[in-house]
Asks: 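Structure in structure tokens, see below.
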Amino acid sequence: LCSDMIDVVIDISGIYGRVTALGGRVGVQAYDAASSSAIKLSNGMVIYLREVSTSLALVCMVREKNFRKRGLIDYNIDTFKQALSEIFDDKKA
């Protein structure tokens, strides 16, 4: 299901996404740092997608009652993103 969600987001972004020009190449940007997507399933679960970096997205399944605390989920994802950037920035130095 999670991989299907990524496919759906990329397909929809291909139709409605932003057109960008990078290095003389024109392309469609699937998502950016503020992008997210949520799909409510009939079994009471929500699949939630958030961009982590330009080449990494986080997809998680959450019970619908817990998804009401979306601010807390977003806070935890932002903390995870920050920790990842610190790890990879340390490796570049």
Side-chain angles (χ1 to χ4, degrees):
L1 287 176
C2 294
S3 62
D4 290 338
M5 181 175 189
I6 294 170
D7 289 339
V8 167
V9 169
I10 290 173
D11 290 345
I12 291 174
S13 297
I15 297 169
Y16 300 106
R18 298 183 332 185
V19 176
T20 60
L22 181 65
R25 293 177 37 199
V26 176
V28 176
Q29 184 176 358
Y31 49 84
D32 59 15
S35 295
S36 68
S37 181
I39 298 175
K40 180 181 170 187
L41 303 176
S42 61
N43 65 355
M45 299 292 285
V46 175
I47 303 176
Y48 185 50
L49 178 138
R50 276 275 311 267
E51 181 265 350
V52 176
S53 71
T54 55
S55 58
L56 182 64
L58 178 78
V59 182
C60 59
M61 295 184 71
V62 181
R63 285 188 170 80
E64 185 179 0
K65 68 177 184 176
N66 295 330
F67 191 68
R68 293 181 189 133
K69 302 175 185 173
R70 185 171 171 180
L72 181 60
I73 295 169
D74 287 336
Y75 174 79
N76 287 327
I77 293 172
D78 290 338
T79 302
F80 177 71
K81 286 171 64 171
Q82 183 180 3
L84 277 180
S85 71
E86 289 174 9
I87 289 170
F88 289 113
D89 286 345
D90 287 346
K91 290 189 176 192
K92 290 181 182 178

Asks: Tell me the salt bridge (Lys or Arg N to Asp or Glu O under 4.0 Å) pairs involving residues 65-77, sequence neighbours left out?
Replies: R50-D74, R70-D74
Asks: Hydrophobic clustering (ILVMFWY, side-chain heavy atoms < 4.5 Å, transitive) - are L49 and L41 grouped together?
Replies: yes
Asks: Kindly write out the residues that satisfy side-chain contact (heavy atoms from CB on, under 4.5 Å) with I73, not counting sequence neighbours, or none if the list is empty.
Replies: Y48, V62, F67, I77
Asks: Kindly compute the distance separating CD1 (I39) from CE (M45), expressed to the nearest 0.5 Å.
Replies: 13.0 Å
Asks: Of all residues at least two apart in sequence or in a different chain, which pass the salt bridge (charged side-chain N to carboxylate O under 4.0 Å, His left out) check with R63?
Replies: none
Asks: Under the side-chain contact (heavy atoms from CB on, under 4.5 Å) rule, collect the residues that match up with L84, sequence neighbours excluded.
Replies: V52, L56, F80, F88
Asks: Measuring from K40:NZ to I47:CD1, what's the distance to the nearest 0.5 Å?
Replies: 13.5 Å
